[in-house]
Amino acid sequence: MRELVERAWAEAVASGALPAVPEGVEAPGVGVARPANPEHGDFATNLALKLARPLRRPPLVIAEALAPAVRAAGGDLLSGVEVAPPGFLNLRLAPAFTEAALDRARVAGPAFGRVQVERTRRVNVEFVSANPTGPLHIGNARGAFVGDLLSRVLAAAGHEVTREYYFNDFGAQVRVLGASVRALRAGEPLPEEAYRGAYVADLAAELPDEVWARATEAGADGDGIVGAWASERVRAGIEASLEHLGVHFDVWKTEGSLHREGWVERAISRLGESGHVYEQDGAVWFRSTAFGDDKDRVIRKSDGAYTYFAADIGYLTEKFSRGFDHLIYIWGADHHGTVARVRNAAQAMGFDREAVQMLLIAWVRFIRDGVEISMSKRSGEFITLDELLAEIGVDAARWFFAARGHTVGIDFDIELAKKQSAENPVYYVQYAHARIASILRRAAEERLAPAASVRGSLGRDPVALGLAAQVLRLPEVVEDAAAAEETQGLTAYAMELATTFHAFYRDRRVVDAGDPAVSAARLALVDACRLALANTLELMGISAPESM
RNA sequence: GCGCCUGUAGCUCAGUGGAUAGAGCGGAUGGCUUCGGACCAUCAGGUCGCGGGUUCGAAUCCUGCCAGGCGCGCCA
């Protein structure tokens with residue numbers, strides 16, 4: 001539709017109906033919106049308002065001049081082009097076009113709503129990335145859902161998406177976990193800094209004798225041996241939890257592998273080639289200030305060990321070497337201080353810093369009985385993701401996070417969520433889907449089937465056309481969601497579509513054995529609606545039940 | 001102190017340059033002998049944190065305040 005208006009604009013200029021935008025003045029972008037008010041048509045463009053300034057003419061005059069060109073460009077696609085003060089052009093779709101589009105949507109089936117954006121990318125989405133020292137807890141929930149939701153949306157827009165989980169498989173945390181398990185197994189008191197959750201006791205009980213023997217033999221190094229076993233055990237549990245949420249990772253990457261395979265060393269020398277690496281006080285530094293950071297950053301400590309940041313830059317080069325042209329990191333908001341240094345390093349190594357993007361996920365305060373739940377893996381006081389989802393359900397949780405922007409802090413009242421779950425909007429949408437499925441079953445009993453094509457059969461019914469128009473918005477909703485890297489548009493759309501359907505159901509009888517022609521057309525329409533609901537829910541990883 | 005994020009209905013949140021600022025929950029009232037009442041309809045509820053500015057037009061952009069969160073390590 002935007003293209004159509006742009007084409008009309010170009011032709012209006014070519015034919016002399018409108019003056020061209022003067023040299024040196026930036027031409028405005030064409031905005032096409034879906035008016036909230038049905039009287040304003042199916043689409044509206046503000047082009048005339050935008051052109052008022054550069055052309056130095058009143059918007060209404062421009063709109064009048066533009067209207068015939070839009071009419072001509074629209075051909076039989078548009079049934080109406082109206083000028084409305086203060087200078088909007090309101091466009092109305094021809095029923096025949098809507099009918100044809102609906103037919104195409106039904107043929108596309110599960111692919112309806114998937115789009116192919118002009119510039120597709122190979123995208124790496126790294127998320128969760130919690131170190132395997134304990135089960136995922138509710139603090140990890142938001143990142144897991146946001147990363148998965150975003151991955152689904154990007155894939156639906158035609159991008160090639162790889163979901164990646166990064167974790168540390170050696171180092172202090174893993175040794176502490178090992179020491180904790182070891183102490184419990186030996187019946188010794190836990191070290192001061194130990195992990196204390198019930199899962200630690202479970203691990204101690206499950207520790208194979210063979211590992212235990214090797215650890216005992218190794219003495220002090222035994223913590224690492226037990227830790228390696230325990231962290232892999234925990235990691236597998238994390239993977240199982242995530243799969244249970246419908247979150248599947250394509251790649252599990254360890255920090256250790258980056259060191260072993262030389263990525264860290266190579267990245268540092270590559271960084272050195274840019275001249276932004278220096279030594280001071282026995283440590284190796286990256287001159288991050290050269291790119292606007294407020295201080296330089298240590299890559300290798302004076303004791304010879306690499307910092308976490310060193311692994312970050314090694315990982316950057318490793319990711320780019322795999323051919324990704326867009327790296328997305330889903331990080332907790334508390335990591336925002338590290339954003340600049342990583343992007344700076346990417347730039348210094350000659351990568352496009354714009355291709356490296358961090359999405360900072362704001363904090364979620366989990367509240368039960370009016371009290372915030374504090375979480376600490378060390379103390380063992382936390383609620384696992386599995387426990388949370390057993391309480392409120394995967395579908396409700398996914399909806400909850402999909403409906404909110406990732407930058408806003410959220411209060412998640414668990415009791416309230418449970419109490420409201422029966423009234424959760426997600427069930428409203430699922431109900432609409434189940435209701436349509438029920439209608440289709442009922443129709444089959446009456447020996448009525450959806451029409452193969454709705455051509456010529458909806459055109460005179462504004463209620464049917466209204467539902468069809470709502471159904472046909474899906475591809476544009478997906479495109480917008482992918483472009484904005486946001487999912488709230490999907491939940492809003494699903495709600496509106498369900499509402500429109502329920503109103504249609506109230507006003508129009510679908511299954512009517514006395515009028516098979518109308519029934520067939522309406523069955524086709526509601527089936528298309530069911531398809532749009534199912535595809536939208538699928539995009540969010542939410543089930544679309546046939547009955548409930 | 002500096003940096004980033006947030007502030008919209010009683011609650012939880014959408015809306016980031018357009019037409020009368022929306023939804024869900026909660027509240028009030030009404031609606032099936034007929035395709036699923038987990039539904040529908042109507043009503044109440046707003047200084048869009050506050051003040052300036054830009055614009056034909058600002059919740060949206062700029063700026064100064066106020067409030068809350070997070071960060072500012074040779075930790076990870």
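Below, all heavy atoms of this structure are taken into account, side chains as well, without hydrogens, waters or symmetry copies. Residue numbering restarts at 1 for every chain, and letters A, B, ... go by the order of the sequence lines.
With both ends at atom P, the span from B/A14 to B/A23 equals 16 Å, rounded to whole Å. Between B/G17 and B/C48, the distance separating the two C1' atoms is 15 Å to the nearest Å. On the P atoms, B/G68 is 23 Å away from B/U63, given to the nearest whole Å. The same atom, C1', is picked in B/C2 and in B/C11; the two are 35 Å apart, to the nearest Å. Taking atom C1' on both B/G46 and B/A21, the two are 9 Å apart, rounded to the nearest angstrom. The P atoms of B/G64 and B/C5 are separated by 14 Å, rounded to the nearest whole Å. B/G57 sits 34 Å from B/U42 when the P atoms are compared, rounded to a whole Å. Between B/U16 and B/U60, the two P atoms lie 12 Å apart (nearest whole Å).
Among the nucleotides B/A41, B/C35, B/A76, the one closest to any side-chain atom of A/R506 is B/A41. Of the candidates B/A76, B/A38, B/G37, B/A38 carries the atom nearest the A/M548 side chain, counting heavy atoms from C-beta on. Of the candidate nucleotides B/C74, B/A14, B/G36, B/C74 has the atom nearest to the side chain of A/S302. Candidate nucleotides B/C13, B/C39, B/G71 were compared by shortest atom distance to the side chain of A/H336, and B/G71 ranks first. Closest to the A/Q488 side chain, of the nucleotides B/A76, B/G15, B/C74, is B/G15. Taking only side-chain atoms of A/I439, from C-beta outward, the nucleotide of B/C74, B/G36, B/G24 with the closest atom is B/G36. Here B/A14 is the nucleotide among B/A14, B/C39, B/G71 with the atom lying nearest to any side-chain atom of A/R404. Residue A/N90 has its side chain nearest to B/A19 when only B/A19, B/A76, B/C13 are considered.
A/R142 approaches A/H406 most closely through the heavy-atom pair NH2-CA, 3.6 Å.
Nucleotide B/C56 has B/G18 as its partner under the Watson-Crick or G-U criteria, with both atom distances under 3.5 Å. Across every strand in view, B/U42 sits in a pair with B/A28 that passes the Watson-Crick or G-U test at under 3.5 angstrom. A 3.5 Å limit on both hydrogen-bonding distances identifies B/G71 as the Watson-Crick or G-U partner of B/C2. With both pairing distances under 3.5 Å, B/U33 is matched to nothing as a Watson-Crick or G-U wobble pair. Pair assignment for B/A76 gives none, since no Watson-Crick or G-U wobble pairing has each distance under 3.5 Å. Here B/U12 sits opposite B/A23 as a Watson-Crick or G-U wobble pair (both hydrogen-bonding atom distances under 3.5 Å). B/C65 is paired with B/G49 under the Watson-Crick or G-U wobble criterion, all donor-acceptor distances under 3.5 Å.
Within the 4.0 angstrom heavy-atom criterion, no nucleotide atom of any strand lies near A/A432. Residue-level contact check: A/D413 touches neither bases nor backbone, having no heavy atom under 4.0 Å from any strand. A/V408 comes within 4.0 angstrom of the backbone, heavy atoms only, and of no base. Counting non-hydrogen atoms under 4.0 angstrom, A/R522 reaches nothing in the nucleic acid. At the heavy-atom level, A/S547 lies under 4.0 Å from base atoms of the strands shown. Among the atoms of the strands shown, base atoms are found under 4.0 Å from some heavy atom of A/A44. Note on A/D411: only backbone sugar-phosphate atoms sit closer than 4.0 angstrom, heavy atoms only; bases stay farther off. As judged by a 4.0 angstrom heavy-atom cut-off over every strand, A/R509 is placed among the base-contacting residues. At a threshold of 4.0 angstrom between heavy atoms, the contacts of A/E445 with the nucleic acid are absent. Backbone-only engagement by A/Y428 is indicated by non-hydrogen atom pairs under 4.0 Å involving sugar-phosphate atoms exclusively. Here A/A492 lies out of heavy-atom contact (under 4.0 Å) with every strand. If you check every strand for non-hydrogen atoms under 4.0 Å, A/D507 touches nothing.
The backbone N or O of A/L93 sits less than 3.5 Å from a side-chain atom of A/D42, completing a donor-acceptor pair. Side-chain atoms of A/H433 come within 3.5 Å of backbone N or O of A/P545 as a donor-acceptor pair.
Under 3.5 Å, the side chains of A/N344 and A/S288 contain a donor-acceptor pair of N or O atoms. Side-chain contact, A/Y329 with A/E164: no donor N or O sits under 3.5 Å from an acceptor N or O.
Ring orientation note: the planes of A/F286 and A/F291 are close to parallel, at an angle under 30° on the 30°/60° scale.
Put simply, the side chain of A/T407 and the base of B/C5 share no donor and acceptor less than 3.5 Å apart. At a cut-off of 3.5 angstrom, counting only N and O atoms as typed in the model, there is no donor on one side facing an acceptor on the other between the side-chain of A/H335 and the base of B/G71. For A/N46 and B/G18, a side-chain-to-base donor-acceptor distance below 3.5 Å is present, hydrogens and geometry of angles not being considered. Remark: the A/H502 side chain and the B/C39 base include no donor-acceptor N/O pair separated by less than 3.5 Å.
Remark: ring of A/F88 stacked against base of B/A19; centroid gap under 5.5 Å, plane tilt under 30°. An aromatic stack links A/Y505 and the base of B/C35, using centre distance under 5.5 Å and interplanar angle under 30°. Here A/H40 lies parallel enough and close enough to stack on the base of B/A19, with planes under 30° and ring centres under 5.5 Å apart.
Positionally, the nearest nucleotide of RNA chain B for A/G489 lies more toward the 5' end than for the other of A/L49 and A/G489. The nearest heavy atom of RNA chain B to A/N424 and to A/P59 marks one nucleotide each, and the one closer to the 5' end goes with A/N424.
If you measure from atom CH2 of A/W331 to atom C1' of B/C4, you get 14 Å, rounded to the nearest angstrom. Following rounding to the nearest Å, A/R341 (CZ) and B/C74 (P) show an atom-to-atom distance of 9 Å.
Other residues, nucleotides and ligands place more than 12 heavy atoms under 6.0 Å from the CD atom of A/Q280.
Classification of A/D512 and A/R522 as a salt-bridged pair fails, no side-chain N sitting under 4.0 Å from a carboxylate O. Remark: A/D223 does not engage A/R175 in a salt bridge, criterion side-chain N to carboxylate O under 4.0 Å.
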